[in-house]
Amino acid sequence: MQWVERAERIAQTFRERVRREPAGVWGAPGRVNLIGEHTDYNDGLVLPFAIDRQALAAVALRDDDRLLAWSCQREPEAWLAYPRGVLRALRDAGLTLPGADIIVDSDVPTGSGLSSSAALECAIAVALNDLAGGQLSRMDLAAACQSAENTEVGAQTGIMDQVAALFAVAGGLVHLDVRSRETAVIPVDFGDLVLTVIDTGVRHSNTDGGYGDRRRECAEAAAALGVSSLRDAEMGQVAGLAAADGHDGLLGRRARHVFTENARVTRAVALLRADRAAEVGPLLTASHASLRDDFEVSATELDVAVSAALDAGALGARMTGGGFGGCALALSRQADVPAVRASIEGAYQRRSWAPPQVFRVDPADGARRLR
């Protein structure tokens with residue numbers, strides 16, 4: 001019901017601002033990546049799912065080539081790069097599109113690692129594709145949105161976030177092989193298990209230097225190993241690079257994270273298919289240790305949240321998203337959730353940090369027309 005109410009509100013905002021009726025309202029979700037971090041731009045494996053927080057877009061085509069867009073969140077003007085980039089990328093992909101009037105409203109926290117940018121891009125892309133006759137496939141739309149993010153926005157992200165927003169199904173995780181672009185929905189029954197997001201409140205941007213540095217270091221590691229991407233590296237090569245690298249093993253550690261993270265995704269999928277979701281917990285914790293130590297993209301607030309969750313009985317926990325801030329994810333039994341929450345909040349209070357936002361997430365549907 002909340003999406004019905006939000007869709008009607010944004011439609012009314014469109015009428016008031018644009019002085020005409022929108023052609024419709026579309027929504028696309030944020031996402032949580034269960035496991036498979038910083039593997040997507042290395043041709044690797046990922047396992048995200050959509051959450052029940054969405055970017056909504058009320059859209060109508062124009063009779064000219066102008067693009068006029070407004071955000072209900074009063075974003076800085078730079079956010080216009082997203083709709084401009086999506087429109088450009090869809091035209092490049094072959095859609096015949098005039099200009100458009102667009103109003104967006106999102107409750108996906110920005111800079112939190114929940115992919116607010118992909119939610120925004122995909123809501124607009126699905127809307128414009130529908131209004132142009134629906135000629136592009138979901139994977140075409142994902143590629144167009146990635147192009148917009150890489151080019152107009154300047155964030156050199158992989159395609160995982162857009163695929164998660166476009167291919168997600170309620171009650172399932174999206175297993176994506178980035179190299180082949182093959183996707184599979186993994187149905188999941190978590191039973192008495194709960195996935196909890198801990199939003200640290202520390203904001204980051206994929207246009208900042210750290211994310212680009214990791215991409216560059218992965219490319220350097222692949223070149224040092226003589227492979228096209230770290231997806232092709234073997235454990236012996238990775239271990240050798242870690243021992244021989246002259247930068248305190250930096251390139252070897254970056255390669256080791258990608259190699260072991262791909263293996264963790266494969267193992268997680270096998271466990272979920274076998275209805276052994278509780279056993280995914282230790283994989284999450286191992287992923288966090290790798291992201292913290294080998295890939296060095298965690299933050300103190302994330303490490304504290306993960307440790308506090310584990311101390312209170314969580315089966316596993318890790319940072320999720322690009323890192324340097326944002327969110328952590330904990331897998332707990334329902335009975336342990338209050339203690340996990342209290343432990344995290346207490347750890348933050350003892351350090352005089354602002355309290356984190358802690359909330360449950362369940363796999364939700366992907367981008368679609370809402371009105």
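Values below: all heavy atoms of this structure, side chains included; hydrogens, waters and symmetry mates excluded. For reference, positions follow the sequence shown, starting with 1.
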Scan D177, D43, N42 and name whichever one has a side-chain hydrogen bond (donor to acceptor under 3.5 Å, both in side chains) with R231.
D177
Any idea how Y211 and H38 line up, ring-wise: parallel (<30°), tilted (30 to 60°), or perpendicular (>60°)?
tilted
Here the ring-ring contact (aromatic ring centres under 6.0 Å, His included) pairs for residues 53-82, sequence neighbours left out, are none
Hey, could you give me the [atom1]/[atom2] distance between [X] and [Y], rounded to the nearest 0.5 Å?
{"X": "T183", "Y": "M139", "atom1": "OG1", "atom2": "CE", "answer": "5.5 Å"}
{"X": "W26", "Y": "I124", "atom1": "CH2", "atom2": "CD1", "answer": "11.5 Å"}
{"X": "L87", "Y": "D65", "atom1": "CG", "atom2": "CG", "answer": "8.5 Å"}
{"X": "I51", "Y": "D365", "atom1": "CD1", "atom2": "CG", "answer": "13.5 Å"}

The remaining residues in the hydrophobic cluster of V337, counting side-chain heavy-atom contacts under 4.5 Å among Ile, Leu, Val, Met, Phe, Trp and Tyr, are V194
Same cluster for L284 and F359 if Ile/Leu/Val/Met/Phe/Trp/Tyr side chains link at under 4.5 Å?
yes
If you group Ile, Leu, Val, Met, Phe, Trp and Tyr by side-chain heavy-atom gaps below 4.5 Å, do V185 and V163 land in one group?
no
Taking [atom1] in [X] as the centre, count heavy atoms belonging to other residues, nucleotides or ligands within less than 6.0 Å. Is the count above 12?
{"X": "R19", "atom1": "CZ", "value": "no"}
{"X": "Q349", "atom1": "CD", "value": "no"}
{"X": "E234", "atom1": "CD", "value": "no"}
{"X": "D63", "atom1": "CG", "value": "no"}

Decide, yes or no, whether a salt bridge links [X] with [Y] under the criterion of side-chain N to carboxylate O below 4.0 Å.
{"X": "R62", "Y": "D64", "result": "yes"}
{"X": "E152", "Y": "R84", "result": "no"}
{"X": "D192", "Y": "R333", "result": "yes"}
{"X": "E296", "Y": "R253", "result": "yes"}

Does a donor on one side chain sit under 3.5 Å from an acceptor on the other, for [X] and [Y]?
{"X": "R264", "Y": "T260", "value": "yes"}
{"X": "S117", "Y": "E149", "value": "yes"}
{"X": "Q12", "Y": "E8", "value": "no"}
{"X": "T157", "Y": "Q146", "value": "no"}
{"X": "S229", "Y": "R179", "value": "yes"}

Mind running side chain to side chain contact (heavy atoms under 4.5 Å, CB included) on L34 and L195 for me, showing each step along the way?
CA-CA 9 Å; L34 182 70; L195 287 167; 4.0 Å; yes
So salt bridge (Lys or Arg N to Asp or Glu O under 4.0 Å) across residues 302-327, not counting sequence neighbours, yields E37-R318
Chi angles and distances behind the side chain to side chain donor-acceptor pair (under 3.5 Å) call for D105, Q73
CA-CA 7 Å; D105 174 46; Q73 278 62 57; 2.8 Å; yes
